[in-house]
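I have placed the structure first, in the form of structure tokens, so that the comments after it can refer back to it.
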2 protein chains.
Amino acid sequence: MQYETGLFRKFLEKRGLRVTQTRMQIAETVFSTHKHFTPDELAEWVRKKDSSTGRMTVYRTLGLLVESELVEELTLRKGQNLYEHVVGHKHHHHMICLRCGRIQEFSNEALESLPRQVARQKGFTATSHAIKIHGFCKACSPIANGHRGGGEGETVGVASSRAQVGSGEPSET
Amino acid sequence: MQYETGLFRKFLEKRGLRVTQTRMQIAETVFSTHKHFTPDELAEWVRKKDSSTGRMTVYRTLGLLVESELVEELTLRKGQNLYEHVVGHKHHHHMICLRCGRIQEFSNEALESLPRQVARQKGFTATSHAIKIHGFCKACSPIANGHRGGGEGETVGVASSRAQVGSGEPSET
DNA sequence: ACTGGTATTGATACTCAATACCGGGATTAT
DNA sequence: ATAATCCCGGTATTGAGTATCAATACCAGT
């Protein structure tokens, strides 16, 4: 984590931005967890250390972290963005369970190179890519299959309840 | 298009929902274009035929169209969802230009099967997947490369202006 | 140290997509 | 016809994200 904050410091300096305590504290908080989080969750965590930190500053610093490419923005849900810190991680993608809402990560060699190749064939220079798989996780698959009888137009009644997956403090890996 | 609206009608009947003129008119409008659209854009198009149609109904019918799997919801942008009708199309994915905002489609055989396989290996039953590639389109690549000098921390100043890509009537393919 | 200028911060107000609610109207079954 | 639903559309509400702006913190040069 020392390492990640160091990178962020370097990024700020290179951009001629000030390395303030508030910014570093937000960055530390981000790097102290490997969970996905919303801006407001992050704000809450930060405020446990320094209750005076404003929501705006969290949003702004999060923007800087994304620009520095130390943090990635995930558009997995509808009305809300999730973020995750990506330094020191293997690049990965996400599977979202339609029933319990759990988000699971996975990575695969071929899935890293292929999209870029395909893009290049079309004259498109890829800088990043994201793969999102919807379906049913291990635990929910049997249940979901039980409900779905044959397979005609029966794609109903799923995807409503959302599981609550952790919400307290940020946790180490 | 006759075909697609027929499928929607069947879906409604199977669900015990009424096949109302309003719903069919919204569906027709959706199937009359292959563009991406926001719910409000759709509402505007629909109101050109029947100015009394309410925004709420458009949202609701759009929800039904998604459930029937005739229309897909894309979470490409932040604050706003895009939709596109997918029946009779080859399944495809999207490349989003960071400079001009243009959205380009592509498809690839391997990219269809691979994600599902990988998911299955993890005990996850995939029902759908989406691949999103960010980068620079053919037109913007040279410009972007020109701006980006070497390649250290220089990932700045990009991704701000958004191109306006069509806005009038829905158009045939 | 002091001063002037700039960047940063955080409270408040605002925007806008999406949702909830509710009363009136249409459609079907009895 | 009448009752019971379902459907529709207007309005109000929610909530994430953004803009504004005055106050504050920081820095460089004197």
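Naming: A, B, ... by sequence-line order, numbering from 1 per chain.
A salt bridge does not link B:Glu41 with B:Lys35: every distance from a Lys NZ or Arg NE/NH1/NH2 to an Asp or Glu carboxylate oxygen is 4.0 Å or more.
Per the geometry, CZ belonging to A:Arg23 stands 12 Å off C1' belonging to D:dA25, to the nearest Å. Between A:Phe37 atom CZ and D:dG17 atom P there is a gap of 12 Å when expressed in whole angstrom units. A straight line from CZ of B:Arg77 to C1' of D:dA16 spans 17 Å, rounded to a whole angstrom. Put simply, CZ on B:Arg47 is 8 Å from P on D:dG10, counting in whole angstrom units. Atom CD of A:Gln21 is separated from atom P of D:dC27 by 12 Å (rounded to the nearest Å). Atom CG of A:Asp50 and atom P of C:dT9 are 11 Å apart (whole Å). In this structure, the CD atom of B:Gln25 is 11 Å from the P atom of D:dC8, given to the nearest Å.
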Distances under 3.5 Å only, N/O to N/O: pair up the protein atoms with those of nucleotides 16-18 of chain C.
from   : atom 1 : to      : atom 2 : distance (Å)
C:dA17 : O3'    : B:Gly79 : O      : 3.4
C:dA18 : OP1    : B:Asn81 : N      : 3.0
C:dA18 : OP2    : B:Tyr59 : OH     : 2.8

Taking only nitrogen or oxygen atoms into account, show me every contact under 3.5 Å that the protein makes with nucleotides 20-29 of chain C, one pair per line with its distance.
none

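For the pair B:Leu42/B:Thr29, a side-chain contact is recorded, criterion being any heavy-atom separation below 4.5 Å from C-beta on.
Scored by the ring pair (Phe, Tyr, Trp, His ring centres under 6.0 Å) test, B:Tyr83 finds no partners at all (sequence neighbours excluded).
Using modelled atom types, no side-chain atom of B:Ser51 and backbone atom of B:Arg47 make a donor-acceptor pair closer than 3.5 Å. Under the 3.5 Å distance criterion, the side-chain polar atoms of A:Lys90 are left unmatched by any main-chain donor or acceptor of A:Asn108.
Proximity of the aromatic rings of A:His134 and B:His129 is defined here by a centroid distance below 6.0 angstrom, and this criterion is not met. If you look at B:His91 and B:His93, their ring centroids are closer than 6.0 Å.
Proximity of A:Thr20 to the phosphate of D:dC26: no side-chain N or O atom is located under 4.0 Å from OP1 or OP2.
Note on B:Thr57: a base of the nucleic acid sits closer than 4.0 angstrom, heavy atoms only.
Each of B:Ser51 and B:Leu17 was assigned the nucleotide of DNA chain D with the nearest heavy atom; the assignment lying further toward the 5' end belongs to B:Leu17.
Here A:Tyr3 contributes atom OH and A:Phe31 contributes atom CZ; the two are 10.5 Å apart, rounded to the nearest 0.5 Å. Note that the CD atom of B:Glu73 and the CG atom of B:Asn81 stand 4.5 Å from one another [nearest 0.5 Å].
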